There are 2 protein chains.
Amino acid sequence: MKLDQIDNRLLELLQEDSKKTTKEYALKLGLSTTAIYERIKRLERGGAIRSYVALVDKAIVNRNFTVFCHVKLVQHVKDNIAQFEAQVMRLQEVVECHHLSGDYDYLLKIHVQDMDAYRNFMVNKLTTMNHIGSTQSSFTIKEVKHSTAIPL
Amino acid sequence: MKLDQIDNRLLELLQEDSKKTTKEYALKLGLSTTAIYERIKRLERGGAIRSYVALVDKAIVNRNFTVFCHVKLVQHVKDNIAQFEAQVMRLQEVVECHHLSGDYDYLLKIHVQDMDAYRNFMVNKLTTMNHIGSTQSSFTIKEVKHSTAIPL
DNA sequence: AACTGAACAGAATTATATTCGTTATGAAAC
DNA sequence: GTTTCATAACGAATATAATTCTGTTCAGTT
């Protein structure tokens, strides 16, 4: 999919706020509403825009405790990896899971209510999983920056 | 702000897809469109819904290289911390910055085009910042899971 | 029982998204 | 140089959804 400068600027705007009217985007980008409308549809069809979502305030819904957990597997055989990843997918507390280069295998990002809830998560969910060698958790003291916008 | 069960379910739906019509949410939750409309407005006013955004596919816009970079400062004086955080805020490649407990001070999440772009970012931006003691970068081999939805 | 405020429903209105027919623009073919 | 084709743009018309308005229900209170 080929994107020109206007597409990129449009994506930046949509990543900031997707609830503006096409008229507003059109105004900012100096095109008609129809032109913008068709560009947006093209970006959706082409997969550049994956979805539209509401971003929720962690503090207000009581999930203000963020943990990064490095996980090492006991053995890196194909089946272990597949099984671990499948299990992680099912844990809703885990909002991100990255297979990483370096000393540890995986980095998980976890949102829970508080330290108690995290202990609970560790004991009842994470450490009951198969093939896990070791884990190491770090807690977010302060979320300095957090954006869902891919830099363009 | 007090949230009941319907609010939570509504937030879950909005975190999945914010572009459905109020009629659709109303249908799923067994209320009228007006009732849902007013609940949504209440969630927006109360700050539970921070914003609505489009999620963009990293691969299609050529930012498919994700790096986690641990940063240690030379000294933990107030001014250093403030200055470092202010500088990080200005780096658009850095999509997240967490002040963490543990050995390292900060964890940055960075999206760039490829390894070359990352080297460039390191040399020209990150390591030119003041007060940085050491950094350690890990690269995402595979993004196993990624959700923007806070678990409710 | 009467009152109050919050939450809800259905209808009416307003605003926006979407479609349609047409017109420029630019690149390739003749 | 002009013909052809494809792409992107535009303005007007239409369809659809958001928003507002009015009245109702219900739980809690007096």
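Quick caveat, the model's predicted, so the values are computed rather than measured. Numbers restart at 1 for each chain; the letters A, B, ... are given by sequence-line order, proteins then strands.
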>> Whole angstroms only, please: what is the CG-C1' distance between B:L31 and D:dT24?
In response: 16 Å
>> Determine whether the aromatic ring centres of residues A:Y52 and B:Y52 are separated by less than 6.0 angstrom.
In response: no
> In whole angstroms, how far is the C1' atom of C:dA17 from the OH atom of A:Y52?
Replying inline: 12 Å
> A:K23 NZ to C:dT14 P: how many Å, rounded?
Replying inline: 16 Å
>> I need the CG-P distance between A:L29 and D:dC10, as an integer number of Å.
In response: 11 Å
> When the distance from CZ of B:R39 to P of C:dA7 is rounded to whole Å, what number comes out?
Replying inline: 8 Å
> Roughly how far, to the nearest 0.5 Å, is NZ of A:K28 from CG of A:L10?
Replying inline: 11.5 Å
> Are there more than 12 heavy atoms of other residues, nucleotides or ligands under 6.0 Å from atom CG of B:D79?
Replying inline: no
> Starting at CG of B:D4 and ending at P of D:dA27, how long is that distance when rounded to a whole Å?
Replying inline: 15 Å
> Do B:Y104 and A:S138 have side-chain atoms, one donor and one acceptor, less than 3.5 Å apart?
Replying inline: no
>> Using the side-chain heavy atoms of A:T21, tell me which of these nucleotides is nearest: C:dT16, D:dA17, D:dA9.
In response: C:dT16
>> Checking side-chain hydrogen bond (donor to acceptor under 3.5 Å, both in side chains) between A:D105 and each of A:H76, A:H98, A:H70, which is the one that passes?
In response: A:H76
Would you be so kind as to tabulate the donor-acceptor pairs closer than 3.5 Å made by side chains of residues 129-136 of chain B, with sequence neighbours excluded?
residue : atom : partner : partner atom : Å
B:H131  : ND1  : B:N80   : OD1          : 3.3
B:H131  : NE2  : B:N80   : OD1          : 3.4
B:H131  : NE2  : B:Q83   : OE1          : 2.9

>> Using modelled atom types and a 3.5 Å cut-off, is there a donor and acceptor pairing between side-chain atoms of B:N8 and backbone atoms of B:Q5?
In response: no
>> What does the B/S/- profile of nucleotides 18-27 of chain C look like, 5' to 3', with a 4.0 Å heavy-atom cutoff to protein?
In response: SBB-------
> Rounded to whole angstrom units, what separation is found between the CG atom of A:L3 and the C1' atom of D:dA8?
Replying inline: 15 Å
> Taking CD1 from B:I36 and P from C:dA6, how many angstroms apart are they, rounded to a whole number?
Replying inline: 19 Å
> Going by number, which of residues 5-19 of chain A have a non-hydrogen atom under 4.0 Å from DNA chain C?
Replying inline: none
> Taking the side chain as C-beta and beyond, is there a heavy-atom pair between A:E38 and A:L31 under 4.5 Å?
Replying inline: no
>> Atom CD of residue position A:E16 - does it have more than 12 heavy atoms of other residues, nucleotides or ligands inside 6.0 Å?
In response: no
>> Counting only side-chain nitrogens and oxygens, does B:R42 get under 4.0 Å of the OP1 or OP2 atom of C:dA6?
In response: no
